[in-house]
Every structure is written in C-alpha cells, then in structure tokens.
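See below for the structure under consideration.
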Protein chains: 2
Amino acid sequence: VIQTKNLKKSYVSGEIETIALKGVSVDIKRGEFTAIAGPSGSGKTTFLNIISGLDSQFQGEVTLAGKNITKISKSELSDFRRDHIGFVFQSYNLIPVLTVEENVEYIMLLQNIKKEERKERVISILNEVGLKGFEKRFPSQLSGGQQQRVAVARAIVSNPDIILADEPTANLDSKTGESLLEMMGMLNVEKNITFIFSTHDEKIMRKSKRMIVLKDGEIFQDNNQ
Amino acid sequence: VIQTKNLKKSYVSGEIETIALKGVSVDIKRGEFTAIAGPSGSGKTTFLNIISGLDSQFQGEVTLAGKNITKISKSELSDFRRDHIGFVFQSYNLIPVLTVEENVEYIMLLQNIKKEERKERVISILNEVGLKGFEKRFPSQLSGGQQQRVAVARAIVSNPDIILADEPTANLDSKTGESLLEMMGMLNVEKNITFIFSTHDEKIMRKSKRMIVLKDGEIFQDNNQ
Ligand SMILES: Nc1ncnc2c1ncn2[C@@H]1O[C@H](COP(=O)(O)OP(=O)(O)OP(=O)(O)O)[C@@H](O)[C@H]1O
Ligand SMILES: Nc1ncnc2c1ncn2[C@@H]1O[C@H](COP(=O)(O)OP(=O)(O)OP(=O)(O)O)[C@@H](O)[C@H]1O
Ligand SMILES: [Mg+2]
Ligand SMILES: [Mg+2]
C-alpha cells in the first residue's frame with residue numbers, strides 16, 4: 001500500500017544542508033503492523049512526513065495506494081490523506097482553542113458524518129484510550145500523556161485504512177502504552193488497518209510483525225526481507 | 001534540600017475541578033538521584049512544577065533549601081530558581097527565535113557570566129549530549145529527540161545545585177537515553193547535584209537510587225522509607 005524508491009530528502013536553510021534520507025527503498029503491504037526504529041536524528045519523522053503526503057519536498061518515488069504522489073494534484077492528495085490516513089504527530093499538534101471532543105471530531109466534520117454518529121464515535125474512542133470524561137477539556141488542561149492519547153484517538157476515530165504514528169507512546173507509562181498498543185493491534189487484525197509506528201519503545205518493537213531500522217538516513221536493517 | 005508537607009493541588013476551570021495532588025509529603029536530601037514514576041495523569045508534572053517554584057498555587061508546605069517558598073517574595077524565589085535549579089520541561093519549551101547556542105546560553109547571560117566562558121561551556125555541554133555542530137540551528141530544524149537534548153543541556157550548563165527533569169528521555173532511543181543518564185549520574189556523584197526525574201523510562205528507574213511512585217495524586221510507594 002506504500003512503496004518508496006530511492007527516497008532522498010535534505011533540509012536546506014541558509015548555508016546549512018542536512019541530508020535526512022539518503023535513498024530509502026521500502027515496500028509496505030496492506031495490513032502490516034510495522035515499526036520504524038533508529039537513533040534520534042536517524043530520519044524517522046522525515047520518512048513518515050513524506051509517505052503520508054505531508055511533506056512534498058523530496059527526491060525519488062513514493063507510491064501511496066497505487067498512486068504516485070508526485071504525479072497527483074495537491075487537492076487529490078489532501079483528500080486522499082483525509083479519507084485514508086490517520087496521522088499522530090511526535091508533538092501531538094492538538095488545536096489549543098478546540099476541546100478534546102472537538103479535536104477528535106474534526107476530521108469527521110470534514111467527511112460530513114452526521115452529528116449523532118460523530119458524538120458516539122468520539123465518546124467510544126476516548127473511552128478506549130482511557131480518557132472517558134475528558135471531552136470538554138482543552139489541551140492545556142491535560143497532562144503530556146493525556147494529550148498524546150487524544151492525538152492517537154483523533155487519528156483512529158475516522159477509521160482510516162492507514163495509521164502513521166510518530167512515537168505514539170513516548171509520554172505514556174508502560175501499562176497505558178501497552179493497552180494503547182493492544183487496542184491498535186486489534187484494529188489491525190479485525191479491520192486490516194495498516195499501522196506504521198516510528199518508535200523508541202521496545203514494547204512496540206516487540207509487538208510489531210516487521211521492524212525497519214534507520215541509521216543516518218538509510219535502512220540499516222529490515223527484518224521483512 | 002526539598003521537603004513537602006501535605007501538598008495539595010487542584011486545577012479549577014469553569015465548573016471542572018481536577019484534584020492533581022491529594023496530600024504529598026516527601027523529604028528529598030541533597031545529592032539524591034531520585035525518580036518520580038507513575039501512570040499518565042498521576043501528578044508528576046504538577047509535583048515538579050510546584051517544588052521548582054514555577055507553580056505557586058497550591059495548599060500545604062514546600063521548603064526549598066531551607067526556605068518556605070510560600071513565605072518568600074516572588075523575586076527572591078525566581079532569583080533562587082535561576083541560580084540553583086535547572087528545569088527540563090516535558091515539552092522542552094525551547095525559545096523558537098533563538099538558536100540552540102542562544103537557548104543553552106540564556107541563563108548564563110542572566111547570571112552575568114563572561115562571554116568566553118559562556119561560549120566554552122555551551123560547546124562542551126552540547127558535545128556531551130551528542131549535539132556537537134548544532135549550535136547555529138533553530139529548534140524547528142531539529143528532530144524531537146534533538147530538541148529534548150538541547151533542553152537537558154540548557155538545564156545543566158549553569159551548574160545548578162538541583163536539576164528537575166520532566167521525562168528527559170521520552171523521545172530518545174535507548175542508547176542516546178542511556179548515555180545522557182550516565183552523564184547525569186556522573187554530575188550527581190562528582191558535583192553532588194541533586195537530580196529529580198519524572199519518568200516512564202524503566203532505564204531511569206533502574207538507575208535511580210530512590211523511586212517515588214505516584215498514583216492518582218498520592219504517594220503509592222517510596223522505596224526510601
Ligand atoms: N492545566 C491544567 N488544568 C487542568 N487539569 C490539569 C492541568 N494540568 C494537568 N491537569 C490534570 O491534573 C492531573 C495530573 O496531571 P500531571 O500533568 O501532573 O500528570 P503526569 O503524571 O505528569 O502525567 P503524564 O505522565 O501524562 O505527563 C491530570 O489528571 C491532568 O488532567
Ligand atoms: N526542519 C528541519 N530543518 C533542518 N533539519 C532538520 C529538520 N527536521 C529534521 N532535521 C534534521 O534531519 C535529521 C532527521 O530528523 P528526523 O526528525 O527525521 O529524525 P528522527 O529519527 O525522527 O529523530 P527523533 O527520534 O529524535 O525524533 C536530523 O539530523 C535533524 O536534525
Ligand atoms: Mg522524530
Ligand atoms: Mg507529565
């Protein structure tokens with residue numbers, strides 16, 4: 001469902017050029033439960049931002065659900081992303097002026113889902129991530145790990161085909177992280193949702209069926225091959 | 001060096017009242033290397049914000065280096081904090097318009113340390129946290145874990161007596177996290193700096209001499225007693 005061929009990316013600012021990805025080729029199939037691991041600065045976030053269509057400045061080829069994302073229009077790509085991809089940012093990126101409920105519901109508003117169904121799904125997913133009763137709070141009224149779980153709930157609630165999560169358990173204690181992971185494992189098995197996690201968490205790496213290890217912008221190891 | 005007696009804290013906003021700490025009494029001695037553990041939402045960040053003097057809205061007593069912090073003036077408390085406490089925020093809180101070098105150097109400017117010495121210490125501490133050569137970058141040009149390490153470098157560079165770190169290794173791979181921890185362990189042994197970490201990282205818990213576990217705003221376990 002996601003292929004990259006010789007993916008390269010460098011960030012240029014002023015005289016500084018940082019090569020973040022040096023030619024990453026990978027083939028991820030529908031229904032995979034795959035971890036992207038590697039040291040701090042190895043290119044995990046850069047990789048996820050590109051394969052999700054968020055970052056369009058790169059060299060090489062990226063194919064998403066059979067479409068070459070450099071060849072389709074911006075609006076077709078953002079419609080595809082809204083309808084098929086759930087994304088969890090490393091820094092959560094919750095909208096501060098919206099409540100927890102409004103943050104989680106937002107994508108379903110764009111998809112014209114009826115109010116009753118939206119409300120039902122928001123309450124159910126918040127309950128699943130352990131945040132029952134937190135609907136009316138604002139992000140600034142939450143702990144770090146609570147904000148992180150709202151970000152995960154938001155990515156899952158619209159039933160996407162693909163969930164890309166950047167460090168989804170970094171601020172969670174092991175019990176909370178474990179139950180979150182179990183929930184995502186069930187979605188993967190029951191609904192065949194493809195999961196790709198960037199992570200340092202050894203629990204996620206152990207639970208993943210496949211692990212791709214990045215090092216200095218290259219694939220160091222891929223236990224699928 | 002830090003005592004709390006029956007520390008209570010609740011956040012009130014509109015009709016919602018959240019009791020974050022329900023009477024925490026703890027005595028932390030100079031030179032300790034102590035972890036504060038506990039589930040997401042158990043009160044770790046709230047506790048660190050109060051004992052560092054950042055949050056002055058609480059009930060109960062807090063004594064910092066022999067002074068009752070509710071009885072001293074705001075300016076005396078903020079001078080004390082600047083000269084004696086290094087703080088690592090859970091969300092790093094780097095200043096976006098300053099470079100890495102300027103972010104780390106900032107406190108030493110307030111302490112009127114000479115330019116040559118400031119520059120030397122910044123280069124040395126960035127090297128120690130594995131970010132040699134990143135001096136001129138801005139926070140937005142760094143990975144998550146790189147920003148986190150800048151936040152740790154900033155807390156340590158002014159040689160404080162007490163370092164309070166909220167989840168200092170959450171976005172670091174285990175090797176980078178381990179070397180950071182080792183560096184902090186050496187500062188603790190060689191300079192008798194008191195370290196208090198809020199953490200979910202089992203490596204930090206194993207390395208700590210003392211662990212206080214919070215649960216729902218109370219002390220669940222303290223292996224010092
Ligand atoms: N500004 C705030 N307004 C209202 N409630 C808050 C605020 N900050 C924290 N809380 C609540 O207080 C409780 C304790 O929060 P705290 O941030 O101290 O937990 P924590 O142990 O640091 O959690 P985590 O491991 O997720 O960072 C939580 O239930 C949280 O929702
Ligand atoms: N906006 C940017 N401008 C310049 N350089 C950047 C930018 N974002 C990332 N980089 C650099 O690109 C490299 C890869 O960064 P990336 O964020 O993908 O790493 P990562 O594997 O996600 O790290 P972490 O585990 O610390 O989150 C790093 O060296 C980083 O400094
Ligand atoms: Mg990252
Ligand atoms: Mg916290």
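Letters go in sequence order (proteins before strands), and every chain restarts at 1. Please read these numbers as outputs of a predicted model, since none were measured by experiment.
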Chain A against chain B: donor-acceptor pairs under 3.5 Å:
from: B:S13; atom 1: OG; to: A:Q141; atom 2: NE2; distance (Å): 2.6
from: B:T18; atom 1: OG1; to: A:R137; atom 2: NH2; distance (Å): 3.0
from: B:S40; atom 1: N; to: A:D173; atom 2: OD1; distance (Å): 2.9
from: B:S40; atom 1: OG; to: A:R149; atom 2: NH2; distance (Å): 2.7
from: B:Q90; atom 1: NE2; to: A:N171; atom 2: OD1; distance (Å): 2.8
from: B:R137; atom 1: NH2; to: A:T18; atom 2: OG1; distance (Å): 3.1
from: B:Q141; atom 1: NE2; to: A:S13; atom 2: OG; distance (Å): 2.6
from: B:R149; atom 1: NH2; to: A:S40; atom 2: OG; distance (Å): 2.8
from: B:N171; atom 1: O; to: A:H200; atom 2: NE2; distance (Å): 3.0
from: B:N171; atom 1: OD1; to: A:Q90; atom 2: NE2; distance (Å): 2.8
from: B:D173; atom 1: N; to: A:H200; atom 2: ND1; distance (Å): 3.3
from: B:D173; atom 1: OD1; to: A:S40; atom 2: N; distance (Å): 2.9
from: B:S174; atom 1: OG; to: A:E202; atom 2: OE2; distance (Å): 3.4
from: B:H200; atom 1: ND1; to: A:D173; atom 2: N; distance (Å): 3.3
from: B:H200; atom 1: NE2; to: A:N171; atom 2: O; distance (Å): 3.0
from: B:E202; atom 1: OE2; to: A:S174; atom 2: OG; distance (Å): 3.3

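Residues passing the ring pair (Phe, Tyr, Trp, His ring centres under 6.0 Å) test with A:F89, sequence neighbours excluded: A:F87.
With a 4.5 angstrom heavy-atom cutoff, B:L172 touches chain A via backbone and side-chain atoms both.
Between chain B and the options A:G145, A:G14, A:A170, the largest number of non-hydrogen pairs under 4.5 Å is found for A:A170.
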